[in-house]
Amino acid sequence: MKRFVMTTVVLLLMLLAGTTQGRAADHVRLTINDGLADMTLKAKMENAVSELLTELNYAAEQNRKPRLNGLAMTEQAKSDVMRLWDNVHLYCFEPEVVQKCLTTMHGYQVRGLPVVMIPVGEDESKQEYQEVVVSFSKKGEMESFFLTIAMHLYQEVMKNSGTEIGDIRRRMQILDYVEHFRTSYNQKDLGFLRQVFSDDALIITGRVIKTQKSEVFPSGNKIIYKEYNKSNYLSHLSQVFRNNRYIKVNFDGISIVHHPTKANVYGVTLHQSWNSGRYHDEGYVFMIWDFNDEQAPKIHVRTWQPDYLDEAKGQRLPEDEIFTLGDFIY
């Protein structure tokens, strides 16, 4: 808690300063303080992340693209960084970052790397604190670079709070894909979304409209829903990406439920905020994930519902109207 408070104070001071000079640490040093006994591997991973965060700081300060050649990163990890950079610029304000290492199915992870994001084309008043997760191969090479969900949400799921999944490995895998899914909107990465949605995916979006007041609709508002198939949804999303300089998607709530009869199928409910500069909304995203192919899991259903039926009157969407596994035959 003390570290969180200190980080928040530092960030607020920097936001108030509102200056480009000195906002990012000149050099960032990552220290892995737990979770990795191999000192040679530990040093390699620490150096890789330190060099990357330092380069992001220089790129932000000099208003240029990051120079990633020569860093211990796969081409995919470089692509993750550059896709994100095209929409938001990142910098790390802490000269020293201390985190532990997690062991995953395929290697290692370091989570909770603090960064500040500034949407491309916006001023510093639009900057926002975020955290990053970096995944490594078993040899210590960076393989991915994604925005994370908040650490307390990650810890709640990993402690089996708000989920019915006993397998820690599967919980970690689902969270990895949820974070990749979230980051893909920030990166405008249609390729990943095309890959992760099943060919028969059902996508549903809701919006509030005015209607005549009645016992069924006492507020005079109701939600109407529009259904998309995969092709139509991605075509619509492609236009949204083209028409907006940046997209910021954040998840600040998560629950995961195991399908009652299918071993590798899960319902994931997220509370989402979406910001594209000219448009902002908050609501609930529900997805049905199929992990029968662990190397290429698929989303069969994705829905979005608004937070409020009438925000001015504080009338939220009733909890029993938020989509769940029971609303779909799968």
Side-chain angles (χ1 to χ4, degrees), residues 2-36 39-74 77-101 108-136 140-148 151 183 186-187 246 248:
K2 182 178 179 182
R3 179 174 177 79
F4 174 78
V5 171
M6 290 295 290
T7 297
T8 303
V9 170
V10 171
L11 177 60
L12 288 174
L13 290 173
M14 296 182 71
L15 293 178
L16 289 172
T19 60
T20 302
Q21 283 287 1
R23 69 183 183 185
D26 287 339
H27 183 82
V28 181
R29 179 65 191 169
L30 169 68
T31 298
I32 296 174
N33 66 347
D34 192 17
L36 198 58
M39 292 297 102
T40 301
L41 185 61
K42 174 177 174 292
K44 180 178 180 178
M45 291 165 57
E46 288 174 336
N47 289 336
V49 174
S50 299
E51 290 177 358
L52 173 60
L53 293 179
T54 298
E55 172 56 22
L56 292 180
N57 284 356
Y58 286 141
E61 182 127 2
Q62 297 167 16
N63 195 28
R64 60 170 172 79
K65 291 189 175 183
R67 298 164 185 162
L68 305 181
N69 290 337
L71 300 188
M73 306 172 67
T74 63
K78 292 177 183 178
S79 176
D80 291 340
V81 173
M82 296 311 298
R83 281 183 176 275
L84 201 53
W85 192 267
D86 286 341
N87 297 283
V88 290
H89 291 176
L90 311 170
Y91 68 87
C92 181
F93 53 87
E94 291 196 1
E96 183 175 6
V97 178
V98 180
Q99 292 292 352
K100 66 180 181 179
C101 176
Y108 306 97
Q109 267 187 1
V110 175
R111 306 182 65 85
L113 302 174
V115 298
V116 172
M117 298 194 318
I118 303 177
V120 171
E122 300 289 347
D123 61 36
E124 291 192 5
S125 67
K126 296 293 182 69
Q127 60 186 327
E128 176 182 325
Y129 175 80
Q130 289 291 329
E131 293 180 354
V132 169
V133 54
V134 176
S135 294
F136 300 84
E141 186 178 37
M142 280 187 283
E143 292 187 319
S144 68
F145 181 95
F146 299 136
L147 302 174
T148 69
M151 183 59 76
T183 306
N186 291 270
Q187 296 170 323
Y246 67 90
K248 287 196 299 181

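Nothing fancy with the numbering, it's 1 onward along the sequence. If you're wondering where the values come from, they're calculated on a predicted model, not measured in any experiment. These values consider heavy atoms only, across backbone and side chains, with no hydrogens, waters or symmetry-generated copies.
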(request) Applying side chain to side chain contact (heavy atoms under 4.5 Å, CB included), run through V120 and D86 and close with a yes or a no. (result) CA-CA 7 Å; V120 171; D86 286 341; over 6 Å; no
(message) Between the side chains of E128 and K248, is the shortest nitrogen-to-carboxylate-oxygen separation below 4.0 Å, so that they form an ion pair?
(response) yes
(message) One thing to verify: whether E46 and R29 come together as a salt bridge, which I'm taking to mean a side-chain N less than 4.0 angstrom from a carboxylate O.
(response) yes
Just verifying a value: how many Å separate [X] [atom1] and [Y] [atom2], rounded to the nearest 0.5 Å?
| X | Y | atom1 | atom2 | result |
| --- | --- | --- | --- | --- |
| L52 | N57 | CG | CG | 9.5 Å |
| Q130 | T183 | CD | OG1 | 9.0 Å |
| K44 | T40 | NZ | OG1 | 10.5 Å |

Side chains of [X] and [Y]: does their closest heavy-atom pair fall under 4.5 Å?
| X | Y | value |
| --- | --- | --- |
| T31 | V97 | no |
| Q99 | R111 | no |
| M45 | C101 | yes |
| L147 | V132 | yes |
| T74 | M142 | no |
| F145 | L56 | yes |
| L36 | L41 | yes |
| V49 | F136 | yes |

For a quick test of reading the model, state the closest non-hydrogen atom pair linking [X] to [Y] and the distance between them.
| X | Y | answer |
| --- | --- | --- |
| W85 | K65 | NE1-CA, 3.9 Å |
| K126 | P119 | O-CD, 3.6 Å |
| N186 | L84 | CB-CD1, 3.7 Å |
| R64 | E55 | NH1-OE2, 2.6 Å |
| A60 | L90 | CB-O, 3.7 Å |

If we ignore hydrogens and angles and just use 3.5 Å, is the side chain of [X] paired with the main-chain N or O of [Y] as donor and acceptor?
| X | Y | result |
| --- | --- | --- |
| N87 | R83 | yes |
| N33 | V98 | no |
| S50 | L30 | yes |
| E131 | P114 | no |
| E94 | V28 | no |

(request) Please test E122 against Y246 for side chain to side chain contact (heavy atoms under 4.5 Å, CB included), starting from the C-alpha separation and ending with a verdict. (result) CA-CA 10 Å; E122 300 289 347; Y246 67 90; 3.5 Å; yes
(request) For S135, check side chain to side chain contact (heavy atoms under 4.5 Å, CB included) against everything at least two apart and list the hits. (result) Q109, S144
(message) We want to know whether Y91 and Q127 form a side-chain donor-acceptor pair, criterion being a heavy-atom distance below 3.5 angstrom.
(response) yes
